[in-house]
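In what follows, a structure is listed as structure tokens, so that the remarks can point back to it.
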Protein chains: 2
Amino acid sequence: MAIATMAAEKQLDLAALRGTPGFVIRLIQLKFFDGFYDTFAELGLTPATYAILMLVRDNPGIVPSSVATLLRLHLPNLTKILHQLEHAGLVKRSRSKIDRRATEITLTSKGEKLMRDAVRLTAPYNRRMLAPLSEAERSTLIELLNRVSPF
Amino acid sequence: MAIATMAAEKQLDLAALRGTPGFVIRLIQLKFFDGFYDTFAELGLTPATYAILMLVRDNPGIVPSSVATLLRLHLPNLTKILHQLEHAGLVKRSRSKIDRRATEITLTSKGEKLMRDAVRLTAPYNRRMLAPLSEAERSTLIELLNRVSPF
DNA sequence: TATTGTTATACTCTATAACTATA
DNA sequence: TATAGTTATAGAGTATAACAATA
């Protein structure tokens, strides 16, 4: 956080940008990222590793190409992260016996424990990020976002 | 676009991630960025330069530190972009007479023309990105997003 | 002593090309 | 011939430190 502090910016005209959803979404994403690190850095998780480990938790044996597609990562970049996660003892990679080109990813017990800890922080984090909204509005927002989302 | 194509990913369990607004917002932002380049690349605009030029258009004489704060950019990075925009003849920078450390940014007539062209593409682009929603739902979403946004 | 803007630089994220091993 | 995964590398985006000019 070295970005200049707010000052007389209040009287500026932001109407056009505030009506541009792409711009507002970018600001919100930065807010979620900042909040993510505040919450999950103590567990050593980044937004990317959180999503990867969660996807593996719910889909044991998933292959890297599926993870890459769903999380919008390029396979070479995912390979590097998976190498780190394996080195940290959080996931295990093993050759598929059906298609020996494919690698099946599963969580280790250490990975499972980490995600249990992470899940405990998740709901409060989400609530904090959406604090300006009521419970009903939060549900509405999440539903609308999922309809707009590519998946 | 070299990310693997969708295949058997449909039968995977994505419930946890879909209930995580930060994750869905990230996917949506990528969708908006892709769509932005499809729409505005012909004008030579990026999401960053679009936002900067729009902010200058609506706030002529705005100083770089305010732009940086509002757009969540760091001043050294903004400096570089402003240099490019000035070199492209889209903005003009002049020393403030009140505070001679400050630089006042304004659009050139070329910059104004560019933004008129850009504005014509904006509404259709936004509508396309939010196509899965009805008109009323679009308004609701934009209103909720603005309430969650830091500004 | 603090702030504005700049330069230089480092770091992270994302993207592409080329290779291997399997199919 | 095509696909899964890997390696190496390039590029864009973001971050920090140090400085000059001005307040």
Side-chain angles (χ1 to χ4, degrees), chain A residues 1-9 26-27 29-31 33-34 36-37 41 44-52 61-87 91-105, chain B residues 1-9 26-27 29-31 33-34 36-37 41 44-52 61-87 91-105:
Chain A
M1 176 67 70
I3 290 177
T5 51
M6 283 297 278
E9 278 84 7
R26 177 174 162 272
L27 289 183
Q29 211 213 318
L30 293 174
K31 171 179 166 172
F33 265 52
D34 287 349
F36 186 95
Y37 285 106
L45 288 169
T46 66
T49 56
Y50 178 96
I52 292 166
I62 191 172
V63 296
S65 58
S66 295
V67 175
T69 300
L70 290 166
L71 302 186
R72 294 285 193 176
L73 300 171
H74 288 265
L75 216 30
N77 302 323
L78 177 60
T79 294
K80 209 168 164 186
I81 298 173
L82 286 174
H83 186 76
Q84 294 163 355
L85 292 175
E86 188 173 42
H87 194 261
V91 303
K92 190 161 64 85
R93 285 193 278 188
S94 53
R95 286 279 162 207
S96 165
K97 282 170 184 159
I98 307 163
D99 180 345
R100 299 190 2 151
R101 293 169 302 181
T103 306
E104 295 173 347
I105 316 167
Chain B
M1 177 69 69
I3 290 176
T5 51
M6 284 297 278
E9 278 84 8
R26 176 175 163 274
L27 289 183
Q29 210 212 317
L30 293 175
K31 171 179 167 173
F33 265 52
D34 287 348
F36 185 94
Y37 285 105
L45 288 169
T46 66
T49 55
Y50 177 98
I52 293 166
I62 191 172
V63 296
S65 59
S66 294
V67 175
T69 301
L70 290 166
L71 302 186
R72 294 287 192 175
L73 300 171
H74 288 265
L75 216 29
N77 302 324
L78 177 59
T79 294
K80 208 170 163 184
I81 299 173
L82 286 175
H83 186 75
Q84 293 164 355
L85 293 176
E86 188 173 41
H87 194 262
V91 304
K92 189 162 65 84
R93 286 194 276 188
S94 53
R95 286 278 163 208
S96 164
K97 282 171 184 159
I98 307 162
D99 180 345
R100 300 190 0 141
R101 293 170 303 184
T103 304
E104 294 174 349
I105 316 168

Ignoring the backbone of [X], work out which of [options] is nearest its side chain.
{"X": "A:R100", "options": "C:dA23, C:dG5, D:dG5", "result": "C:dA23"}
{"X": "B:Y37", "options": "C:dT6, D:dG5, D:dG13", "result": "D:dG13"}
{"X": "B:L73", "options": "D:dT14, C:dA23, C:dG5", "result": "D:dT14"}
{"X": "A:P76", "options": "D:dA8, C:dT7, C:dA23", "result": "D:dA8"}
{"X": "B:A102", "options": "D:dT22, C:dT4, D:dT14", "result": "C:dT4"}

Could you tell me how far apart B:R95 (CZ) and D:dA23 (P) are, to the nearest whole angstrom?
10 Å
I need the CD1-C1' distance between B:I52 and C:dG5, as an integer number of Å.
15 Å
Under 4.0 Å, heavy atoms only, any strand: does [X] hit a base, just the sugar-phosphate, or nothing?
{"X": "B:T79", "answer": "base"}
{"X": "A:P64", "answer": "sugar-phosphate"}
{"X": "B:R93", "answer": "sugar-phosphate"}

At less than 3.5 Å, do the side-chain atoms of A:D99 and the base atoms of D:dA4 form a donor-acceptor pair?
no
Under 3.5 Å, is there an N or O donor on one side and an acceptor on the other linking the side chain of B:R101 and the base of C:dT3?
yes
